[in-house]
There are 2 protein chains.
Amino acid sequence: MDELDSAIVQALQRDARQTNRDLARQLGIAPSTCLERVRLLRARGVIRGYHAEIDPAALNRKVEAFVSIRLRPLNRDVIDRFKAALIELPEVIAVYVLAGDEDLLAHVTARDLDHLHAFLIDRLSRPREVVTFRSQIVFQSAQKRVRERLPGE
Amino acid sequence: MDELDSAIVQALQRDARQTNRDLARQLGIAPSTCLERVRLLRARGVIRGYHAEIDPAALNRKVEAFVSIRLRPLNRDVIDRFKAALIELPEVIAVYVLAGDEDLLAHVTARDLDHLHAFLIDRLSRPREVVTFRSQIVFQSAQKRVRERLPGE
DNA sequence: ACCTGTGCCGAACACTGTTCGCCATCGTCG
DNA sequence: CGACGATGGCGAACAGTGTTCGGCACAGGT
């Protein structure tokens, strides 16, 4: 994982569909070299995949929220089961198991407020393991597409 | 945005680097047709870009956390400025402006716990606008790479 | 000085992206 | 009801691309 690898990783985070030749040109190396590097990065698991980023509105998702959930009893089985069940729901785009007063955090997108409300009532009010949940609507957001490498030592 | 477009969008979320011909074959249409569809989806802004997914460990990020922040005075200027400042920091991968008791939610990744601690103290304890912040370490996470289209009406 | 391994390069070839003209389909309007 | 324009899909063709492979330079070890 030298400087060249980092540069490749950064470039592919910005645009995963650029041609191997463009990538090579931009880094000042031969296409064959570049290809081999990229293949190794994939094989090593550094590059996990390539994904298209889609406008949420085009997927009919205009409302975004974070839902903090408190589970009881808090054992491994309940956590794993509930996490797996949540991530399967179409409205849920991410689930985090946390340290702190709340146990789970679900990142949710819904069609509108009514849909979000229905989701909360149907999916979180019913299960007995959920003792409390708290929803925070997202007004604005800013995401980073390309993450640099943090200085190691 | 018909069924075919949805299928294209889904396939490209799964793997953004598959060849246009494979994509076309998989959908049962001609490569030229497929290409035109994809171009229109990009032009319409449905497809926003293609990004490589990178293993956080390879970027030296072993600790992940959500930090809830309370700002005062809570006016547009303070929010915009602070949000913009946060997203510029290398440790911050996303910032959300929320409705609820907390105003901002920052998604953070750090090298280790010490690094996270330093980040919190240096970046959040100092500014006067921050009246409170609360950190929640992430133990586990599950993300969805491909989001389906929610039924519209 | 001599290996040996590693990583990069450039040529070669099959395959791909991309363009373009043609055709079928469908809705519109005379 | 028929003519017609618009729309969208198709397949052939060509430039450009991914991918392989043999060779080469350089470094470290013996």
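By convention in this document, chain letters (A, B, ...) are assigned in the order of the sequence lines, proteins followed by strands, and residues within each chain are numbered from 1. Fair warning: this is a prediction, and the values are worked out from it, not measured in the lab.
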Point to revise | side-chain hydrogen bond (donor to acceptor under 3.5 Å, both in side chains) pairs, two or more places apart, involving residues 64-80 of chain A | key: Glu64(A)-His107(A), Arg72(A)-Asp103(A), Asp77(A)-Arg81(A)
Review point. What pairs with Asp2(A) under side-chain hydrogen bond (donor to acceptor under 3.5 Å, both in side chains), at least two apart in sequence or on another chain?
Key: Arg37(A)
Check your understanding: Transitive ILVMFWY cluster of Leu40(B) at side-chain heavy atoms under 4.5 Å: who else is in it?
Key -> none
Review point. Pick the nucleotide of DNA chain C nearest each of Glu36(A) and Arg21(B); which residue has the one closer to the 5' end?
Key: Glu36(A)
Do any side-chain atoms of residues 116-124 of chain B form donor-acceptor pairs under 3.5 angstrom with protein atoms, and if so which ones, sequence neighbours left out?
none

Review point. Under 4.0 angstrom, heavy atoms only, what part of the nucleic acid is Ser32(B) near: base, sugar-phosphate, or nothing?
Key: base
Review point. Taking any atom under 4.0 angstrom from a heavy atom of chain B, which nucleotides of DNA chain C are the first and last to qualify, 5' to 3'?
Key: dT16(C) to dT19(C)
Check your understanding: Where along residues 3-17 of chain B does a heavy atom fall under 4.0 Å from DNA chain C?
Key -> none
Exercise for review: Would you list the pairs meeting ring-ring contact (aromatic ring centres under 6.0 Å, His included) in which at least one residue belongs to residues 13-32 of chain A, sequence neighbours left out?
Suggested key: none
Check your understanding: So do the side chains of Leu86(B) and Leu104(B) get within less than 4.5 Å of each other, counting heavy atoms only?
Key -> yes
Check your understanding: What are the bounds, 5' to 3', of the part of DNA chain D that sits under 4.0 Å from heavy atoms of chain A?
Key -> dT17(D) to dT20(D)
Practice item. Using the test side-chain hydrogen bond (donor to acceptor under 3.5 Å, both in side chains), find all partners of Glu53(A) that sit at least two apart in sequence or belong to another chain. Key: Arg145(A), His51(B)
**Study point:** Residues forming a side-chain hydrogen bond (donor to acceptor under 3.5 Å, both in side chains) with Arg147(B), sequence neighbours excluded
**Key:** none
Revision key, fill the gap. Members sharing Leu23(B)'s hydrophobic cluster, built from side-chain contacts under 4.5 Å between Ile, Leu, Val, Met, Phe, Trp and Tyr, are Ile54(A), Leu59(A), Met1(B), Leu4(B), Ile8(B), Val9(B), Leu12(B), Leu27(B), Ile29(B), Val38(B), Leu41(B), Val46(B), Ile47(B), Tyr50(B)
Check your understanding: Should side-chain heavy atoms under 4.5 Å link Ile, Leu, Val, Met, Phe, Trp and Tyr, which residues sit in the same cluster as Ile93(B)?
Key -> none
